[in-house]
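Scroll down for the structure; my scribbles are underneath it.
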Amino acid sequence: MPSLHLEGVSKHFGGLKAVDDITMVVPPGEITGLIGPNGAGKSTVVNMISGVLSLTHGDIRLDGTSIATDRSDIVARRGVSRTFQNIRLLPEATVLENVLIGFHRREHAGVVANLLGLPAALREDRAFRERAHSLLDRFGLDEYADTEAGNLAYGHQRRVEMARAIASEPDIVLLDEPVAGMNDVESDELATIFRELANSGMGLLLIEHNVGFVTRLCKQVYVLDSGRMIASGDPHEVTRDPKVVAAYIGTSKH
Amino acid sequence: MIQFYYAYQPIIDFFLLSVGFGYSQQIALRAGVFSIATAGFAAIGAYTVAILVTKSGFPIAASVVLGMVIAGVGGLLLSLPLARLRGAFQAIATLAFVQIVISLLLYAEDFTGGALGVTGIPRVMNTGILLVIVAVVMYVMWSIGRTGLGRIFDALRQEESVAASLGVNIGRYHALAFILSGAVGGLFGGLQSLYVFQIEPHNFGFAFMVNVLTVVILGGRTTLLGPIMGAAIMAILPELARPLAEYRPAVNGVILILVITFLPNGVGDEIVFWFRRRRHAAAAANRAQAKEAKDAVTSS
Ligand SMILES: Nc1ncnc2c1ncn2[C@@H]1O[C@H](COP(=O)(O)OP(=O)(O)O)[C@@H](O)[C@H]1O
Ligand SMILES: [Mg+2]
């Protein structure tokens, strides 16, 4: 299982250094935390890894190969998947269809087989549907399989997005505030799923405001503030670090 | 029945051709490109067939296939500049494509007969052949809908960034949509020229574009039923509204506005969606019942 390395990565928007020379690792089989106050640059990191934003400086490597200049669909096909902080579902499609798109990376039947409705394409589609249903089951969503995604409650929409992101069994998953707006019961359920995913070998990058949640789940935590990496390491130690405390208190608007 | 057929044969044939053009239009719209290029594809197919058949004695079936291939390649080429554009700019670019095709037809007078067009095209098309070809195209469209391809097109239309984040190569699938749109448009353009004896550039101008767009807007842009309903309305309406023949454009306009306002997905899509929702509701009720039964068993 490959790991993801960010080396001296920066992103400047004009004069603003949204991300400033950060280095970090997302190893396989672990949940790695990325925390920091609002505007610290966390989503910008995810957008650079997933190929949505270009890097100003630095390099991003997956299993030794640079993916820093790859388009987002190429990054995804290499096995790095993501969710969005502002949920992005296909609103007119059903929950099941939203998850089915997640299998795209695993489609092998080919365009002609699809156009002609050949058995290979239909068999593949049936297999994806079965897997999608069991994924939905795992996220407690199977009863909504045929509901239009746009009509779901917020917490459910987030879960659909996560089910979609892990459908193709990627090596690395970037979760941008996956439990934001959820209650304790819901986020505990998701925590269990995150642990299972990590145990199966996936590398998870968990972006989260809630320090307690990250501390419980992560082996390694990175702390961003105003684009700079102000601390990293064991979550219990990091969260006691005066710089981290100051960053959180200094901007504790939430 | 036979009498009915003879009385309405031209309307039925017009309907079948419109269905074909409707599918060409639908593929592009389904993939999220507001294209009006179908008129250009149809012109390419129609002129390929007309010129080859009248001037070189090329076999008719082979020239139809060739027209379809050339229009498909045209679609591929058109998709390249479109990849850099979005929204209204894409629509304008496809309009420009139609204008270029029509100007070339007017220009290359030696081949195309300029504004006068090509005449003396053998009229070999009939309802039976049209039906078979429409059925084949419908089968392909149906396959797109029930395999991963339709989902990808739907994803591109609804939220491109999501499709990309899941590994969909946007340019590749837009190109595919345009190859298909071009091939289907070119195919039915060729069939049309084998039906009407004579074609001229004017046949593929503004009125054609509006008609094809109307078929899909009235009928629907995602379902198999969409273009059928749209084309049916377009074919039957003038018959029903014969007393209003003078006001036909106005009547069409009013109906279009009513449909867009009250059935924004188009008549055909709305019908299919209605049945789908009923099926889903029934399935959900079944699941709830099964769950209740299971809970009752486990709690006792
Ligand atoms: N596309 C952009 N253009 C300009 N500035 C941006 C852009 N995206 C983010 N920023 C800025 O970069 C900083 C970091 O944003 P972001 O990564 O969203 O923070 P976080 O996710 O940690 O809350 C913020 O100041 C934000 O306003
Ligand atoms: Mg953010």
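Just so you know, these numbers come straight off a predicted model, no measurement behind them.
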Out of [options], return the one with the most heavy atom pairs under 4.5 angstrom to chain B.
options	answer
A:S81, A:P91, A:A121	A:P91
A:D125, A:N114, A:N98	A:N114
A:V80, A:V75, A:L90	A:L90
A:E143, A:E161, A:R105	A:E143

> How far apart are the closest heavy atoms of B:G167 and A:A76, and which atoms are they?
Replying inline: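 So the two residues come closest at N-CB, 3.4 Å.
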
>> Sub-4.5 Å heavy-atom contacts with chain A: which residues of residues 145-161 of chain B show up?
In response: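 At a heavy-atom separation under 4.5 Å, chain A is reached by B:R146, B:T147, B:G148, B:L149, B:R151, B:I152, B:A155, B:R157, B:Q158, B:E159, B:S161.
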
>> Only heavy atoms, only distances under 4.5 angstrom. Which residues in residues 178-192 of chain B are near chain A?
In response: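 Residues in range: B:L180.
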
>> Can you tell me how far apart CG (A:L116) and OG (B:S143) are? Round to the nearest 0.5 Å.
In response: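 Interatomic distance, A:L116 CG to B:S143 OG, rounded to 0.5 Å: 6.5 Å.
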
> For the atom pair OH (B:Y139) and CG (A:L115), what is the distance rounded to the nearest 0.5 Å?
Replying inline: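 Spacing of OH (B:Y139) from CG (A:L115) equals 10.0 Å.
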
Pick one of side chain, backbone, both or neither for [X], based on which atoms fall under 4.5 Å of a heavy atom in chain B.
X	value
A:E92	both
A:F103	neither
A:R129	side chain

> So does B:R86 have more than 12 non-hydrogen atoms from other groups sitting under 6.0 Å from CZ?
Replying inline: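 More than 12 within 6.0 Å, yes.
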
> Pick from B:S165, B:A281, B:A163, B:A283: which one has the most heavy-atom pairs with chain A under 4.5 Å?
Replying inline: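 If we count pairs closer than 4.5 Å to chain A, B:S165 comes out on top.
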
> Quick one: of B:I144, B:V168, B:V140, who has the most non-hydrogen atom pairs under 4.5 Å with chain A?
Replying inline: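 Answer, by heavy-atom pair count under 4.5 Å with chain A: B:V168.
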
> For residues 67-77 of chain A, which residue pairs qualify under side chain to side chain donor-acceptor pair (under 3.5 Å), counting only residues two or more places apart or in two chains?
Replying inline: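 Sorted pair list: A:R71-A:D73, A:D73-A:R77.
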
> Restricting to pairs with a member in residues 145-154 of chain A, which pass side chain to side chain donor-acceptor pair (under 3.5 Å), not counting sequence neighbours?
Replying inline: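 Counting only pairs at least two positions apart or across chains, the side chain to side chain donor-acceptor pair (under 3.5 Å) contacts touching residues 145-154 of chain A are A:Y154-A:R158.
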
>> Are B:H280 and A:Y144 an aromatic pair, judged by ring center distance below 6.0 Å?
In response: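 A:Y144 vs B:H280: aromatic centres not under 6.0 Å.
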
